[in-house]
Amino acid sequence: MRSNGCGDLRKQQIDEQVQLCGWVDRRRDHGGVIFIDLRDRSGTVQITVDPDLGADAFAVAEHLRSETVLQVKGKVRARPDESLNERLATGAVEVLASSITVLNGVKGNLPFPISIHDEENTREELRLRHRYLDLRRKRMNDNLRLRAQTIQTARRFLEDEGFIEVETPVLTRSTPEGARDYILPSRVCGGEWFALPQSPQLFKQLLMVGGIEKYYQVARCFRDEDLRADRQPEFTQLDMEMSFMDQEQILDLNERLICTIWKTAKGVDLPRPFPRMTWHDAMERYGTDRPDTRYGMELTNVSDIVKEMGFKVFSGAVKAGGSVKCIAVPGGNDAVSNVRIKPGGDVFSEAQQAGAGGLAFIRVRDGGEIDTIGAIKDNLSEEQTRELLGRTGAEPGTLLLFGAGDTATVNKALDRVRQYLARELGMVKADQENDQWNFLWVVDFPMFEFNSDENRYEALHHPFCAPNIADLGTDEALWADTLPKARAQAYDLVLNGLELGGGSLRIHDSSLQRQVLQTVGLPLEEAEEQFGFLIEALDMGAPPHGGLAFGLDRMVMLLAGEESIRDTIAFPKTQQARCLMTAAPAKVADQQLADLHVASTWVAPNADDDA
RNA sequence: GGGACCGUAGUUCAACCGGUUAGAGCACCGCCCUGUCACGGCGGAAGUUGCGGGUUCGAAUCCCGUCGGUCCCGCCA
């Protein structure tokens, strides 16, 4: 049907007869001569239709509109010198049409324009409803190709390293802990249910027991939780697991993988090794386990300075076991007014949304003078002031913002304010040309976090992470005491404040695995029922192993410079986990439910809407 | 489960302290135009202001509900 791609034509093809297929991007009708921009995957080329040199083609061209599908036959020729188009890759040539065949037309109006020239803000609702049209636009088309290229690069790299891709089941069993499962009734096994995997975690460990040694998979994962810009109910992980490798080797391999991907996609050589930070330092200095290190404004802990002072908001927080921390906003005296920090202000509201009651502030003036509310100024000695300014390194003009309260809330609030102000004050360049890729390994996560609501420990990562043996000790009898406080041999790869992936070394000792499951509150009996197959396998010569998984959608999103993973997924769902194109989920016939031994208890909230 | 924003021609937006016939760009239709490239010129058609209710002499505008979309909190080992 075609001999060349539209976007591939250059001077070398001059005088060649070509056949092109594509969509009408635009048409310019000069009454006599008609120009058509014909677009296909490869790009756009100008078709020239001259009534004297192609009467039949001209008759067709007179009635074409955008997005009509054409086959064009003609001869490539040089454009006149005064008509070159340097903005077009094919701008030196054009195709003189001898025949134009309409392969398909467009009935009625399109819901939105396709041409790059019209890629304006389009309602996302419409884009999703007519996703096939949205995909035809350059932006989404490029994103999908970037995604394919990223997967391809990863596959080639891992295959070269001796990994093999193994597919794991999509129909599996529901497990406790973690996110809500999508579940499916079994027709054959009445009353029993499959779950869609939240990740291939257990299967990949069992592949290690199976002697695969180096596994990877581009794996679809499912979680039935509420959505965000970077969360979809089904998403893709670049998942891997390997035997007989220590943490150092795993991190090294993954750094090389990431460098290869970034080199291929962005042409950049990332500096290696990637910096590392312990979880504890990350929480202390940034208030989060995924710090954005592209800018400063680190958190400074000043609890010790203010613990005895008369300002009760500060001293009370420390005495109650919490913290007082602050961030120094350079130039904040001019950039951030008091109104913005006080109730009703935008900065205040950021802190409040993170659970903080408010933000105390100190403005640093010339000569180390400070400017703040009376309650702080009156209760702060010269010695304390000096220490405060020294520790924060605050120059005149700096605004100090304080969080006081329980440590988790202080961290959360200041982290949020820090990120908000960085954006507000232009510390992060959105410009693609100035892209900064600040990779960071966060290591030494705690094994568990105490959940005071449920009065039990929860796995911070998941309950298959291996604890650090130095924290655990070798005396099995003491594990019940040492385990809850132990660090995990877990690691996250953070990029510009977003978690790109994470993993750990796994437990390959059955009694330790039982102990961990008990620590997170799973009775032995239930542990055996839920995870018996894993524990059993560990006793049959399970090799030491570990792995990692990257969020592929998120990775492509960052590579593409997009702000939502929906723009990296061909057919994503809305925030209500609905597909606007197919109108899924949808009702099914009663008989289908009966076959599955299922009855719906759903009652429409408003009977009128259900007609 | 909660908070915020949004929904007006095919589309992107305007009109919104209630007040004549709801406007404009692009797209669409017709006519003109032989070197444009976001071509140009003239003309035309195009609206249940998401839906339902209320207040009012009068509602795109104010109020309540509802549906849909987006962002965030909770949630997401």
Side-chain angles (χ1 to χ4, degrees), chain A residues 25-37 44-53 58 63 65-67 79-88 90-91 94 106-130 133 175-181 198-199 201 221-233 235 349-350 352-355 412 416 420 445 447-449 451 457-465 488 490 499 502 504 516-517 520 522 551 563-564 566 573-576 578 580 583 604-606 608-610:
Chain A
D25 193 68
R26 274 194 129 71
R27 186 179 69 115
R28 291 175 295 280
D29 185 345
H30 287 250
V33 68
I34 295 172
F35 300 106
I36 298 165
D37 291 338
T44 303
V45 69
Q46 174 165 283
I47 311 294
T48 303
V49 192
D50 187 323
D52 305 326
L53 301 169
F58 190 82
H63 301 286
R65 42 188 284 203
S66 294
E67 300 312 310
R79 291 198 188 194
D81 286 344
E82 67 277 13
S83 297
L84 304 179
N85 185 348
E86 290 180 2
R87 285 177 298 171
L88 208 59
T90 60
E94 61 188 6
V106 173
K107 295 192 180 76
N109 285 316
L110 291 178
F112 49 83
I114 309 303
S115 171
I116 181 79
H117 305 294
D118 302 312
E119 267 195 35
E120 50 197 358
N121 298 332
T122 304
R123 285 208 115 69
E124 189 153 12
E125 198 173 337
L126 283 174
R127 293 177 54 203
L128 294 175
R129 169 110 178 70
H130 304 281
L133 282 181
T175 51
E177 294 259 323
R180 191 177 295 114
D181 286 319
Q198 294 176 27
S199 79
Q201 182 60 36
C221 306
F222 306 86
R223 292 178 191 176
D224 187 5
E225 294 291 348
D226 290 337
L227 305 182
R228 290 285 192 283
D230 60 353
R231 278 195 235 152
Q232 282 275 300
F235 61 99
S349 134
E350 287 297 320
Q352 192 182 37
Q353 282 181 52
K412 203 169 168 184
R416 200 174 158 127
Y420 177 76
F445 281 75
M447 281 288 285
F448 307 102
E449 197 172 40
N451 182 330
Y457 286 99
E458 282 177 339
L460 204 71
H461 216 79
H462 57 58
F464 313 106
C465 292
E499 185 193 326
S504 65
V516 168
L517 290 171
V520 299
L522 206 60
E563 290 187 347
S564 164
R566 290 188 300 278
K573 301 199 167 39
T574 69
Q575 196 162 44
Q576 304 301 317
R578 192 178 279 285
L580 294 182
N606 187 338
D608 294 344
D609 296 340
D610 202 38

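- Base engagement by Leu84(A) is indicated by at least one non-hydrogen atom pair under 4.0 Å involving a base atom.
- Applying the 6.0 Å contact sphere to CZ of Arg129(A) captures no more than 12 heavy atoms from other residues, nucleotides or ligands.
- Closest to the Arg231(A) side chain, of the nucleotides U12(B), C76(B), C28(B), is C76(B).
- Applying the 5.5 angstrom centroid cut-off and the 30 degree plane-angle cut-off, the aromatic ring of His30(A) is not stacked upon the base of U36(B).
- Along RNA chain B, the nucleotide nearest Arg79(A) and the nucleotide nearest His462(A) are compared for position; the residue whose nucleotide lies closer to the 5' end is Arg79(A).
- In this structure, the nucleotide among U12(B), U34(B), C75(B) sitting nearest to the side chain of Asp226(A) is C75(B).
- In this structure, Arg28(A) atom CZ and C39(B) atom C1' are separated by 7 Å, rounded to whole Å.
- Within the 4.0 angstrom heavy-atom criterion, no nucleotide atom of any strand lies near Ser115(A).
- For Leu580(A), the side-chain atoms get nearest to G68(B) when compared with the rest of G68(B), U11(B), G35(B).
- Listed nucleotides: C28(B), C37(B), U12(B). Nearest to the side chain of Ser83(A): C37(B).
- At a threshold of 4.0 angstrom between heavy atoms, the contacts of Leu460(A) are confined to the sugar-phosphate backbone, with no base atom among them.
- Within the 4.0 angstrom heavy-atom criterion, base atoms lie near Glu94(A).
- Across the protein-nucleic acid pair, Gln352(A) atom CD and A4(B) atom P stand 12 Å apart, rounded to whole Å.
- Place Glu125(A) and Glu225(A) on RNA chain B by their nearest nucleotides, and Glu125(A) ends up nearer the 5' end.
- Note on Lys412(A): only backbone sugar-phosphate atoms sit closer than 4.0 angstrom, heavy atoms only; bases stay farther off.
- By the neighbour-count criterion of 12 heavy atoms within 6.0 Å, atom CD of Glu225(A) is densely surrounded, having more than that number from other residues, nucleotides or ligands.
- Taking every side-chain heavy atom of Arg87(A) into account, A38(B) is the closest of A38(B), C37(B), U8(B).
- Taking only side-chain nitrogens and oxygens, Arg127(A) never comes nearer than 4.0 Å to OP1 or OP2 of U11(B).
- Rounded to whole Å, atom P of U36(B) lies 14 Å from atom CG of Asp37(A).
- Atom CZ in Arg129(A) sits about 12 Å away from atom P in U11(B), given to the nearest Å.
- Across all strands shown, Gln575(A) has heavy atoms under 4.0 Å from base atoms, whether or not it also approaches the sugar-phosphate.
- In this structure, Glu124(A) reaches the sugar-phosphate backbone alone: every heavy-atom distance under 4.0 Å involves primed, P, OP1 or OP2 atoms, never a base.
- Heavy atoms of Pro80(A) sit under 4.0 angstrom from at least one base atom.
- Heavy atoms of Arg180(A) sit nowhere under 4.0 angstrom from any nucleic acid atom.
- Between C37(B), G10(B), U12(B), one nucleotide has an atom nearer to the side chain of Asn121(A) than all others, and that is U12(B).
- Nearest nucleotide to the Ser564(A) side chain, out of C71(B), G69(B), U11(B): C71(B).
- With respect to Arg231(A) and Asp226(A), no salt bridge is recorded, no charged nitrogen being found less than 4.0 Å from a carboxylate O.
- Ser199(A) comes within 4.0 angstrom of a base, heavy atoms only.
- Between the CD atom of Glu82(A) and the P atom of G35(B) there is a distance of 10 Å, given to the nearest Å.
- In this structure, Ile34(A) reaches neither bases nor backbone, as no heavy-atom distance under 4.0 Å exists between it and the strands shown.
- A gap of 10 Å separates the P atoms of G50(B) and A60(B), to the nearest Å.
- Using a 4.0 Å heavy-atom cutoff across all strands shown, Asn85(A) reaches at least one base atom of the nucleic acid.
- Relative to the side chain of Phe35(A), the nucleotides G35(B), G10(B), G7(B) differ in distance, and G35(B) lies closest.
- Nucleic acid contact for Ile116(A): none, since no nucleic acid atom lies under 4.0 Å from a heavy atom of the residue.
- If you check every strand for non-hydrogen atoms under 4.0 Å, Arg566(A) touches sugar and phosphate atoms only.
- In this structure, of U34(B), G69(B), C28(B), it is C28(B) that holds the atom nearest to the side chain of Asn109(A).
- Looking at the side chain of Arg26(A), the nearest of the listed nucleotides C39(B), U11(B), U70(B) is C39(B).
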